[in-house]
Protein chains: 2
Amino acid sequence: MARLSDVIEQFIKELMRDANTDMLEIQRNELADHFNCAPSQINYVLSTRFTIDKGYYIVSRRGGGGFIRIKKLDTDTRSYIGYLIFEYIGDSISQLDASRVLANIEEKGIVTPRERAIMEAAINGKSLNVFSPSKDVVRAKLFKSMLSVLITG
Amino acid sequence: MARLSDVIEQFIKELMRDANTDMLEIQRNELADHFNCAPSQINYVLSTRFTIDKGYYIVSRRGGGGFIRIKKLDTDTRSYIGYLIFEYIGDSISQLDASRVLANIEEKGIVTPRERAIMEAAINGKSLNVFSPSKDVVRAKLFKSMLSVLITG
DNA sequence: AATATTAATAGTCAAAGAAAGTCAAACAAC
DNA sequence: GTTGTTTGACTTTCTTTGACTATTAATATT
């Protein structure tokens, strides 16, 4: 049974695809009405599925004629991966955040689903069954190392 | 009297056969209800009868609209990769041996050069900058984890 | 014109709800 | 008596909802 959040996510993405644009403005209440849900549900969808690390950027304005603008970041692969390696990931990264990044670069077509799954396997909690320096630190190293293949290979 | 676990196992397998598919999504509670048992019984069945080495792969998600996805693996490269995972690699593997395995599976066309490079990056010495002599142990875990992707994709 | 008021938006946060996961104790089969 | 099964209490994760807050634009008032 599809979750509402998933449906809304797809809806927004289709709107963008159909309009062949990387920028979309929505009306929160209108959208909520369309799906017959609480307006804050829209915020939930945006904050879980249209985050920076998934390649989206949100701007909004309240008041009369307010709106939510969703912008899909156009990411030259190299600089995006570079950003991930040199800025975003840092010295430590949680499994959840790493997974999000992976989902994002797969969606962008930067890695194949299988490549993504390989990386996922490497950085998941089970594999990193390491004490000593914290798990997240080892994960960050591993992850960056694998990502660098994408821009050097 | 047939054990409940066996009955559930058969039930799931029949569902897949009947639907003529190798992928099935179930609702844990629903299934438990159907058999009038504790939900965790389903986990037991899955974890004892639908394991990787038996050719199944499980993915799940919690929360509203959660599910358990059971995937039946195809048996082509499975036996070879299975051999690597369950027999060859064992609890520990050196970097050199791991590299050899990788070269081998690339040559066989089981992984692409890039996939191989990704794995190489994950298991090389630098990434595994874990103290302790357990480097080879961590490497084995990582490696097997990544390899398992190959027979689940 | 400047300022206050009102209506129209959107944001936040926490509680409730809806799954699935874990673990260990009790139980059964061999 | 050792191994495999069943059960249930507790935990974790993710989603949905709603009450309350904050901001902005439009409008009315001075």
Side-chain angles (χ1 to χ4, degrees), chain A residues 1-12 23-54 56-71 94-100 102-104 120 123-129 135-136, chain B residues 1-12 23-54 56-71:
Chain A
M1 188 175 311
R3 297 182 193 67
L4 220 207
S5 290
D6 290 341
V7 176
I8 296 174
E9 175 191 1
Q10 287 315 310
F11 182 79
I12 292 172
M23 200 270 277
L24 183 68
E25 273 182 16
I26 61 168
Q27 220 79 30
R28 190 181 75 150
N29 289 346
E30 196 180 272
L31 195 55
D33 252 24
H34 186 266
F35 287 104
N36 214 28
C37 65
S40 54
Q41 176 95 43
I42 306 302
N43 297 85
Y44 178 72
V45 172
L46 294 178
S47 69
T48 54
R49 283 125 159 109
F50 292 86
T51 54
I52 278 275
D53 60 301
K54 287 188 173 144
Y56 291 88
Y57 183 60
I58 307 286
V59 178
S60 68
R61 190 121 120 241
R62 311 184 187 189
F67 59 82
I68 297 177
R69 182 179 302 151
I70 304 166
K71 187 160 186 214
S94 74
Q95 188 175 342
L96 191 61
D97 284 344
S99 280
R100 282 189 180 131
L102 283 174
N104 179 235
E120 191 96 51
I123 60 176
N124 75 17
K126 276 183 201 123
S127 302
L128 290 180
N129 199 358
K135 220 179 249 197
D136 289 1
Chain B
M1 181 183 315
R3 296 191 217 55
L4 219 206
S5 289
D6 290 341
V7 176
I8 295 174
E9 175 190 2
Q10 287 316 311
F11 182 80
I12 291 173
M23 201 270 278
L24 182 69
E25 272 182 18
I26 61 167
Q27 222 77 30
R28 190 181 75 151
N29 289 345
E30 198 180 87
L31 195 55
D33 253 23
H34 186 265
F35 287 104
N36 214 28
C37 64
S40 54
Q41 176 94 42
I42 306 300
N43 297 84
Y44 179 72
V45 172
L46 293 177
S47 69
T48 54
R49 280 119 160 117
F50 292 85
T51 54
I52 278 273
D53 60 303
K54 292 196 170 130
Y56 291 87
Y57 182 61
I58 308 288
V59 178
S60 69
R61 213 149 137 203
R62 311 185 187 187
F67 59 81
I68 298 177
R69 181 178 303 151
I70 305 166
K71 189 160 185 213

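By convention in this document, chain letters (A, B, ...) are assigned in the order of the sequence lines, proteins followed by strands, and residues within each chain are numbered from 1.
- In this entry the distance linking CG of A:N29 with C1' of D:dT24 reads 14 Å, nearest Å.
- Computed from coordinates, the B:I58 CD1 to C:dA20 P distance equals 13 Å when rounded to whole Å.
- One can place CD1 of B:I68 at 19 Å from P of D:dT12, the figure rounded to the nearest angstrom.
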Open item on the list: So if I define the base as every atom that isn't primed, P, OP1 or OP2, how would nucleotides 15-23 of chain D read as a B/S/- string at a heavy-atom cutoff under 4.0 Å?
Closed with: BBBB---BB

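- Taking the six-membered ring for Trp, B:F11 and B:F35 have ring centres closer than 6.0 Å.
- A search for side-chain contact (heavy atoms from CB on, under 4.5 Å) contacts involving A:E30 returns A:Q27, not counting sequence neighbours.
- Rounded to whole angstrom, the span from the CZ atom of A:R69 across to the C1' atom of D:dT24 amounts to 15 Å.
- With hydrogens and angles disregarded, a donor-acceptor distance shorter than 3.5 Å links the side chain of A:R3 to the backbone of B:G64.
- Rounded to whole angstrom, the span from the CG atom of B:L46 across to the P atom of C:dG21 amounts to 8 Å.
- Applying the 4.0 Å criterion to OP1 and OP2 of C:dG21, one finds that B:N43 has a side-chain N or O inside that range.
- Atom-to-atom, CD1 of B:I70 to P of C:dA20 comes out at 11 Å; the value is rounded to the nearest Å.
- Put simply, CG on A:D33 is 14 Å from P on C:dA8, counting in whole angstrom units.
- If you check every strand for non-hydrogen atoms under 4.0 Å, A:I42 touches nothing.
- In this structure, B:I58 and B:T51 have side chains that are not in contact, with every pair of non-hydrogen atoms separated by 4.5 Å or more.
- Rounded to an integer number of Å, the gap from CD of A:Q27 to P of C:dG11 is 11 Å.
- Expressed to the nearest 0.5 Å, how far CD of A:Q95 lies from CG of A:L102 amounts to 10.5 Å.
- Between A:I42 and A:I26 the shortest heavy-atom distance is CG2-CD1, 4.2 Å.
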